[in-house]
Amino acid sequence: MKRVKITILKTTLDKELAEEYGVPGLTACPMMQKGQVFYADYAKPEGFCDEA
């Protein structure tokens, strides 16, 4: 199986949607930082956010 490279380009949060549907205090994912690189095959890479 081939591996893929995943590069985090940016993290965002749609404040309007977060206020309407999210829990109070919801923020952009603190686990992901711009420029991070992950390599994956069939499984989620170590340290990669479950919600991403």
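No hydrogens, no waters, no symmetry mates; every other heavy atom, side chains included, goes into these values.
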Got a list of side-chain donor-acceptor pairs under 3.5 Å for residues 27-35, not counting sequence neighbours?
residue, atom, partner, partner atom, Å
Q33, NE2, P30, O, 3.1

For this session: Kindly state each residue pair satisfying ring pair (Phe, Tyr, Trp, His ring centres under 6.0 Å) with at least one member in residues 26-52, sequence neighbours excluded.
Result: F38-F48
For this session: For D50, enumerate each residue passing the salt bridge (charged side-chain N to carboxylate O under 4.0 Å, His left out) test, keeping only those at least two apart in sequence or located in another chain.
Result: K44
